[in-house]
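In what follows, a single structure is set out as structure tokens and then discussed.
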Protein chains: 2
Amino acid sequence: MELYQEQGFDRTTAAEIAARAGVNERTFFRHFPDKREVLFDGEAELRTALMRAVAEAPEGLAPFEALLRAFRKSARNLADNRPFSDPRWKVIAVTPALRERELAKHASLTEAVAEALRRRGLGAGLADLAARTGWAAFQHAVQAWIADPARSLDAHLTQAFADLRALAVAALSTQAGPEH
Amino acid sequence: MELYQEQGFDRTTAAEIAARAGVNERTFFRHFPDKREVLFDGEAELRTALMRAVAEAPEGLAPFEALLRAFRKSARNLADNRPFSDPRWKVIAVTPALRERELAKHASLTEAVAEALRRRGLGAGLADLAARTGWAAFQHAVQAWIADPARSLDAHLTQAFADLRALAVAALSTQAGPEH
DNA sequence: AACGTGATGCCAGTCACTGACACAACGCGG
DNA sequence: CCGCGTTGTGTCAGTGACTGGCATCACGTT
């Protein structure tokens with residue numbers, strides 16, 4: 001992180017990172033499959049946290065409600081770790097290669113969420129659709145929160161799902177959707 | 001494409017591609033920024049087609065309705081070019097590096113769709129949300145279509161948006177969503 | 001003390017990609 | 001017909017991400 005902030009991701013060589021960590025370059029690649037992966041280490045934890053949160057939601061809850069709860073819990077960790085993850089976001093935002101990797105991680109997490117919904121008894125088709133669209137709303141809320149940190153991530157999340165509902169309902173009554 | 005099919009993406013060097021095309025390796029990199037980009041060439045066309053389709057939708061149409069129309073048009077091209085794009089999908093599906101690039105392209109196209117919705121007068125917030133979730137539903141439909149080509153992509157698209165509406169409505173009445 | 005195991009250093013090699021320079025084909029005004 | 005800029009290409013050298021192979025070393029076990 002130090003090096004990525006100082007000189008940017010592209011101008012930082014694997015040898016430099018290894019040197020800063022006091023190890024050999026080869027050793028670096030034994031700990032991380034590639035240079036990008038360094039910034040996406042906690043993925044396994046986030047995955048299990050998300051899946052557990054979906055699994056622990058009350059029985060009769062609608063899919064989107066279960067997702068909303070799960071996202072809220074993750075959001076709490078997100079908001080707390082902000083001083084730590086803020087520079088990380090900045091680096092990712094300005095580096096296309098890192099954004100690609102981030103999207104891949106998100107796709108993987110979306111698949112995990114779909115699996116969690118299936119375990120709740122939801123059909124495979126609806127589980128996939130709910131996971132994809134729910135994740136999309138989640139990401140929208142996160143971006144809105146970054147742009148407007150005055151309101152809480154929780155509030156942005158609530159609004160995102162409410163707006164999604166309005167959009168979906170308006171879609172079949174053939175009325176233009178209002179802006180908030 | 002020939003080489004990627006024969007030996008896979010990873011085991012195909014840029015020098016081989018250049019040789020097969022009868023040019024120098026350096027020349028190859030003057031036409032494509034990198035090895036992956038070869039498979040994502042028509043992106044600009046798809047982007048303009050999508051944005052035009054969204055722009056040309058009737059005035060008072062709800063955001064999701066406009067998107068559904070645009071996706072339908074793109075879907076038509078998709079279904080027609082299937083013999084050409086089918087091997088392409090297979091190569092992408094088994095190559096993580098290519099799936100990452102594909103996700104990046106999708107993110108870029110989603111942003112373009114959001115811009116098109118904004119030009120229809122939709123607020124920036126709702127435009128982003130509608131583009132993200134609409135695109136998610138689109139991708140869900142495409143995947144469902146690949147898994148079940150018996151039904152048309154059009155049918156899958158219609159169902160995806162109908163299911164999304166059901167999911168969103170059920171979310172606030174706190175009822176478990178039914179599976180089709 | 002012998003031994004297996006896991007983490008590390010070291011070395012050589014492949015390959016994606018880049019910058020610099022030279023050269024040839026082409027269209028165009030003189 | 002001649003210069004001349006533009007464009008596309010070949011050639012070469014270099015950087016840096018990653019990989020496989022081998023030796024070494026720390027450590028706990030037998």
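Convention: sequence-line order gives letters A, B, ...; per-chain numbering from 1.
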Query raised in the report: Which nucleotide, C/dA16, D/dA17, D/dG10, lies nearest any side-chain atom of B/Asn24?
Result: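 When the side chain of B/Asn24 is considered, D/dG10 is the closest of C/dA16, D/dA17, D/dG10.
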Report summary line: Of the listed D/dA17, D/dG10, C/dC17, the closest approach to the B/Asp34 side chain comes from C/dC17
Query raised in the report: Is it true that the NZ or CZ of B/Arg88 lies under 6.0 Å from the centre of B/Phe40's six-membered ring and within 45 degrees of the ring axis?
Result: yes
Requested in this report: Answer yes or no for B/Arg99 and B/Trp89: cation-pi contact, defined as NZ/CZ to six-membered ring centre under 6.0 Å and angle to ring axis within 45°.
Outcome: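 Relative to the ring axis of B/Trp89, which defines the angle, B/Arg99 lies outside at least one limit.
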Report summary line: Nearest heavy-atom contact between B/Gly134 and B/Leu67 is CA-CD1, 4.1 Å
Distance in angstrom units between [X] [atom1] and [N] [atom2], rounded:
| X | N | atom1 | atom2 | value |
| --- | --- | --- | --- | --- |
| A/Phe29 | C/dC10 | CZ | P | 16 Å |
| B/Leu98 | C/dA16 | CG | C1' | 14 Å |
| A/Asp10 | D/dT15 | CG | P | 18 Å |
| B/Ile17 | C/dC15 | CD1 | P | 12 Å |
| A/Lys35 | C/dC17 | NZ | P | 13 Å |
| A/Phe32 | C/dA7 | CZ | C1' | 15 Å |
| B/Glu25 | D/dC12 | CD | P | 13 Å |

Report task. Indicate whether OP1 or OP2 belonging to C/dG9 is found under 4.0 Å from a side-chain N or O atom of A/Thr27. Result -> yes
Query raised in the report: Counting only side-chain N and O atoms of A/His31, is one of them less than 4.0 Å from OP1 or OP2 of C/dT8?
Result: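 Yes.
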Report task. Could you label the plane-to-plane angle of the B/Phe32 and B/Phe28 rings as parallel, tilted or perpendicular, counting under 30° as parallel and over 60° as perpendicular? Result -> tilted
Query raised in the report: Under the 3.5 Å rule, do the base of D/dG10 and the side chain of B/Arg30 count as making a donor-acceptor pair?
Result: yes
Query raised in the report: Side chain of B/Arg26, base of D/dG8: donor and acceptor closer than 3.5 Å?
Result: no
**Report entry** Nearest-nucleotide 5' precedence on DNA chain D, B/Val23 against A/Ala15
**Finding:** B/Val23
Query raised in the report: Do A/Leu39 and A/Tyr4 have side-chain heavy atoms sitting under 4.5 Å apart?
Result: yes
